[in-house]
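Structure record follows, encoded as C-alpha cells.
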Amino acid sequence: MGKSLLLMSGGLDSSSVAFYLSKKGIDFDCIIFNYGQKSARMQLKASKEICRKLDKKLIKINIKHVRRPFVEGLWLKPHEPIVHRNLVIIPIALTLAKERGYEEVILGTVKEDCEFERERFYVIKKLKELAEILGVKLSTPFAGFPKWLLLKIGIQSGLDPQLTYSCLLGHKYHCGQCSQCRKRIEAFKILRIKDPTVYLS
C-alpha cells in the first residue's frame, strides 16, 4: 500500500489515530490547516509535538483569512468560524494527495462529531465520492467509535494525552467549559483514568 495523509488537529482523536497508525507500521504524513480558528496556534503546537514524537512530516496549510467573510458583521466572533469546515479543508487535502501521490487521506472523526455538525455524515459520504473521482481514498476508520474508545486505542498505542490540545478558545490552558473540553473530560471519566489536562475551570 502507498503512503497516506492524516488530517491533524493536535486533539485526542487525530493524535490517537497517528499513534495507532504508527504502531501498525503504516506509512503516512500529517497535514494541518489554519482556517482562522482561535485554537490554530495551540493546535499547531500540539501537532508538531505529536509528529516529532512519531518522526512524521507535518504539512502546514495556512488559509486563515478564509474566515473573514464567515464572521464579518458578527458581534460575537465564533471559535469555529466555518461550521462546515470539512467542505473547505478536505477537498484541499484530497487535491494535495492527488498531486503528491498519496493514495489515501485519513480523517480521525468519531461518533460524537455528528452532534455538532448534523450533516457531517452526508458531507463525508459525498466527499468520499469526490475522492473516488480523483483516484484517492478518503478513510474514516473510527467514525463509528465513541471518543473514549479511540482515546483508549491511542493510549495503548503509546500516546501521552498531555501532548494533545482540544480547547476551542486557543489559550495556553484548556477552558474546561467549551464543547470540546467537555467531550475531553467525559472521555477520561468513562475510561476511569486520570485526566492530565490543566483546566482553567
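When the ring pair (Phe, Tyr, Trp, His ring centres under 6.0 Å) test is applied to Phe28, no partner is found at least two apart in sequence or on another chain. Residues that satisfy the salt bridge (Lys or Arg N to Asp or Glu O under 4.0 Å) test with Arg52, not counting sequence neighbours, are Glu49. Evaluation of the ring pair (Phe, Tyr, Trp, His ring centres under 6.0 Å) rule for Phe145 yields Phe142 as partners, not counting sequence neighbours.
Looking at heavy atoms from C-beta onward, Tyr102 lies out of side-chain contact with Val136 at the 4.5 angstrom threshold. Put simply, the side chain of Ile90 does not reach to within 4.5 Å of the side chain of Leu130, judged on heavy atoms. Contact annotation: the side chain of Pro161 never approaches that of Thr197 to less than 4.5 Å [non-hydrogen atoms, C-beta and beyond]. Between Phe33 and Leu7, the closest side-chain pair of non-hydrogen atoms falls below 4.5 Å. Within the 4.5 Å cutoff, side-chain heavy atoms of Leu150 are placed close to those of Val17. Between Thr109 and Asn86 the shortest side-chain heavy-atom distance does not fall below 4.5 Å.
For OH of Tyr35, the number of neighbouring non-hydrogen atoms (other residues, nucleotides, ligands) closer than 6.0 Å is greater than 12. Around atom NZ of Lys56, more than 12 heavy atoms belonging to other residues, nucleotides or ligands sit under 6.0 Å away. Around NZ of Lys38, the count of heavy atoms belonging to other residues, nucleotides or ligands within 6.0 Å exceeds 12.
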Trace of the side-chain contact (heavy atoms from CB on, under 4.5 Å) decision for Leu151 with Phe188:
CA-CA 8 Å; Leu151 173 58; Phe188 282 104; 3.9 Å; yes

Run the numbers on Thr164 and Leu159 for side-chain contact (heavy atoms from CB on, under 4.5 Å), then give the verdict.
CA-CA 9 Å; Thr164 67; Leu159 171 67; 4.0 Å; yes

Verdict with supporting geometry, Ile50 and Phe19, side-chain contact (heavy atoms from CB on, under 4.5 Å)
CA-CA 8 Å; Ile50 295 295; Phe19 270 82; 3.9 Å; yes

Please report the C-alpha distance between Leu44 and Asn34 in whole Å, then the side-chain angles of each, then the deciding distance to 0.1 Å, and finally whether the side-chain contact (heavy atoms from CB on, under 4.5 Å) criterion is met.
CA-CA 8 Å; Leu44 178 59; Asn34 179 349; over 6 Å; no

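Hydrophobic clustering keeps Ile89 apart from Leu168 (ILVMFWY residues linked when any side-chain heavy atoms are closer than 4.5 Å, directly or through intermediates). One hydrophobic cluster, built from ILVMFWY side chains closer than 4.5 Å, cannot hold both Ile190 and Tyr199; they sit in different ones. By the criterion of side-chain heavy atoms lying less than 4.5 angstrom apart, applied directly or through intervening Ile, Leu, Val, Met, Phe, Trp or Tyr residues, Leu87 is grouped together with Leu96 in one hydrophobic cluster.
Met42 shares a hydrophobic cluster with Tyr165; the chain of contacts runs through ILVMFWY side chains whose heavy atoms sit under 4.5 Å apart. Within the hydrophobic cluster formed by Ile, Leu, Val, Met, Phe, Trp and Tyr side chains joined at under 4.5 Å, directly or through other members, Val198 is accompanied by Tyr173, Leu200.
Judged purely by atom type and a 3.5 angstrom limit, Lys98 uses its side chain to pair as donor or acceptor with the backbone of Leu134.
Applying side-chain hydrogen bond (donor to acceptor under 3.5 Å, both in side chains) to Ser166 and the options Lys147, Arg184, Gln180 leaves one that passes, Arg184.
Legend: salt bridge (charged side-chain N to carboxylate O under 4.0 Å, His left out) pairs involving residues 122-133, not counting sequence neighbours, sorted by first then second residue: Lys126-Glu129.
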